[in-house]
Amino acid sequence: MAFQAARGMRDVLPEEIPIWERLESVARVLAGRFGYREIRPPLLEDTKLFIRSVGEVTDIVEKEMFTLEKGDGSLTLRPEGTAGIARAYLEAGYQHKAPLQRLFTIGPMFRYERPQKGRERQFTQFDVECLGSLDPRLDAELVDLAARFFEELGLEQVEVRINSMGDGADRDQYRDAVRMFLLPHMAERCDLCRSRFERNVLRVLDCKNETCRELNRDAPRLIDCLTPDNRGHFEAVQSALTAIGRKAQVDPGIVRGLDYYTRTVFELHAPALGARSALCGGGRYDHLLRDLGGPDLGAVGFAIGFSGTLVVLEQLGLSAKVSPKLLDVYAIAADESAREAVWKLASELRSAGFATVYDVEQKSLKAQMKQAGGGAYRFALVLGERELAENSVQVKHLATGRQQGVVRANLVSVLRTMLLEGA
RNA sequence: GUGGGUGUAGCUCAGUUGGUUAGAGCACGAGGUUGUGGUCCUCGGGGUCGCGGGUUCGAGUCCCGUCACUCACCCCA
């Protein structure tokens, strides 16, 4: 093949569209039920927006951005959705007219990474953000919304893990405390821990290695470092979840990679998937709007990746439940003389609202029947000399094999009735 | 970015220590059935063996490079 899709980019073929539409529809309906409105920011933003919001020393900014230099400006394909939405919020002036905004978007994001199963360079996210408030119920609301998304798709036992990263002083203090705690025993730890110690100290606490976990046992607890305010907020999030029957386990290992996160961070996991079980990640980012030049208003959000979701549905055998869409009619010419009549009939049926297709490959009657019976159509309509002579059409219901002659003038109403009855 | 694995027909795969015209199942086409799909039977069309180079009398098979996919890391949706 002379050309293939660029690395990490893939086509969503017609066969896969039904499952994608299902994801999008579940996302839209659910977001709507929670009062979230769709927003569609551009795919390209000023590169500096991402550097400012995501953080200069993150993997995303350091090596994963698709950047275009055009004229004297630098644009980058969005590696995540939050920055663009926050920018759009401020540009639209919501901070003045209606600061509390529940927003969502569904669309492609781009990261220059090594592709893997469920991880592509272009990937689709369902991104939900609530800007303009610090209310802990919103943190819980988003956890609930994210969990319901997966439950709606048929996943049972979605696990919620939450943590708080503090906010400013307590966050730095906790980080220092962890660093001081780890320092004396770093030599005994694994390579990964040593690299994380440099890059993102808190992730050392998430090491799966047996001896490292042992060393982590007496690590300082975040809850002890949080300011009374932040501790109160964290507890309020948890009780808001409890109040609606959502179980959430506190997991000190959850540390979002992006700079803008504050206070609540959370992940959703599907235990059925084993080690790589993360379905969704999100959290609060209370100073992002301020950092982008707006007022210091709170905000919280999450993102769900569709590629990963599809992998999960596949592994749990849930994707087969999405049935392909059928076309209504395949119109067949029983002999050459009927081809023109079939062409006119197809046009008529399309006007009447039926999804209709006919043969353009000069196939034999048998081959046309085979085409009709291939599983993509509900009815085969047969027109030949006989039908033309008596002004009728043979209507065959392909699933049952039942066939009847229908007077041409009644065809539309008969078809309509049969489709309504699901016959 | 690091380290493994894989790449043969539209799809899933077989192909012996290197040896003649590279095979199967499914799918596709024609016929059995002169106006009828799904079952069955017969026949048939389909291949730059991912791409490029090398070793050899001879390469799908061995070597090197490259691209893609994939798995485990890093990181994350």
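In what follows, every chain begins at residue 1, and chains take the letters A, B, ... in the order their sequences are listed.
Using Watson-Crick or G-U wobble geometry with both donor-acceptor distances under 3.5 Å, B:rA30 finds its partner in B:rU42. In a base pair of the Watson-Crick type (N1 to N3 plus N6-O4 or O6-N4) or a G-U wobble (N1-O2 and O6-N3), with each distance short of 3.5 Å, B:rU66 is matched with B:rG50. With a 3.5 Å ceiling on both atom-pair distances, the Watson-Crick or G-U wobble partner of B:rA24 is B:rU12. In this structure B:rU36 sits in no base pair that meets the Watson-Crick or G-U test at under 3.5 Å. For B:rA72, the paired nucleotide is B:rU2, the pair qualifying as Watson-Crick or G-U wobble because both relevant distances are below 3.5 Å. Of all nucleotides present, none satisfies the Watson-Crick or G-U wobble test against B:rU55 with each distance under 3.5 Å.
Looking at heavy-atom distances under 4.0 Å, A:Ala399 makes contact with a base. Within 4.0 Å (heavy atoms only), A:Arg203 reaches sugar-phosphate atoms of the nucleic acid but no base atom. Note on A:Gly8: only backbone sugar-phosphate atoms sit closer than 4.0 angstrom, heavy atoms only; bases stay farther off. Residue A:Gln122 is classed as having no contact, given no heavy-atom separation below 4.0 Å to the nucleic acid. No engagement by A:Gln371 is indicated, since no non-hydrogen atom pair under 4.0 Å with the nucleic acid exists. Base contact: A:Gly401 has a heavy atom under 4.0 Å from a base atom. Residue A:Lys63 is classed as having no contact, given no heavy-atom separation below 4.0 Å to the nucleic acid.
Side-chain atoms of A:Asp335 and A:Ser337 form a donor-acceptor pair, as typed in the model, at a separation below 3.5 Å. A donor-acceptor contact under 3.5 angstrom links the side chains of A:Asp167 and A:His287, judged on distance only.
A donor-acceptor contact under 3.5 angstrom links the side-chain atoms of A:Glu387 to the base of B:rG35. Evaluation of atom-type donor-acceptor distances gives no pair under 3.5 Å for the side chain of A:Arg7 against the base of B:rC69. The base of B:rA77 is not paired with the side chain of A:Gln116 by any donor and acceptor separated by under 3.5 Å.
Residue A:Lys363 places at least one side-chain N or O closer than 4.0 Å to OP1 or OP2 of B:rG29.
If you measure from atom NZ of A:Lys370 to atom C1' of B:rG29, you get 8 Å, rounded to the nearest angstrom. To the nearest angstrom, C1' of B:rC76 lies 12 Å from OH of A:Tyr260. Atom CG in A:Leu153 sits roughly 19 Å away from atom P in B:rA77 (whole-Å rounding). Between the NE2 atom of A:His397 and the P atom of B:rG38 there is a distance of 17 Å, given to the nearest Å. Atom P of nucleotide B:rA77 and atom CZ of A:Phe104 are separated by 20 Å, given to the nearest angstrom. Nucleotide B:rU70 holds its C1' atom 16 Å from the CD atom of A:Glu113, rounded to whole Å.
Mapped onto RNA chain B by nearest heavy atom, A:Met369 and A:Glu267 fall at different nucleotides, with A:Met369 at the one closer to the 5' end. Nearest-nucleotide positions on RNA chain B for A:Leu365 and A:Arg111 put A:Leu365 closer to the 5' end.
In this view, A:Arg350 satisfies the side-chain hydrogen bond (donor to acceptor under 3.5 Å, both in side chains) rule with no residue, not counting sequence neighbours.
When distances are taken from the side chain of A:Lys366 to each of B:rA30, B:rC74, B:rG37, the shortest belongs to B:rG37. Nearest nucleotide to the A:Arg119 side chain, out of B:rG3, B:rC76, B:rU36: B:rC76.
The ring of A:Phe66 has its center closer than 6.0 angstrom to the ring center of A:Tyr112.
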Side-chain donor-acceptor pairs under 3.5 Å in residues 76-84 of chain A, sequence neighbours left out?
| from | atom 1 | to | atom 2 | distance (Å) |
| --- | --- | --- | --- | --- |
| A:Thr76 | OG1 | A:Thr47 | OG1 | 2.7 |
| A:Thr76 | OG1 | A:Thr67 | OG1 | 2.9 |
| A:Arg78 | NE | A:Pro108 | O | 2.8 |
| A:Arg78 | NH2 | A:Pro108 | O | 3.1 |
| A:Glu80 | OE1 | A:Thr82 | N | 3.3 |
| A:Glu80 | OE1 | A:Thr82 | OG1 | 3.4 |
| A:Glu80 | OE1 | A:Tyr260 | OH | 2.4 |
| A:Glu80 | OE2 | A:Ala83 | N | 3.0 |
| A:Thr82 | OG1 | A:Glu129 | OE2 | 2.8 |
| A:Thr82 | OG1 | A:Tyr260 | OH | 3.3 |

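The aromatic rings of A:Phe149 and A:Phe126 sit tilted, their planes meeting at an angle between 30° and 60°. Aromatic ring orientation, A:His397 versus A:Phe379: tilted (interplanar angle from 30° to 60°).
The aromatic ring of A:Phe306 does not sit over the base of B:rA77; the criterion of centres under 5.5 Å apart with planes under 30° is not met.
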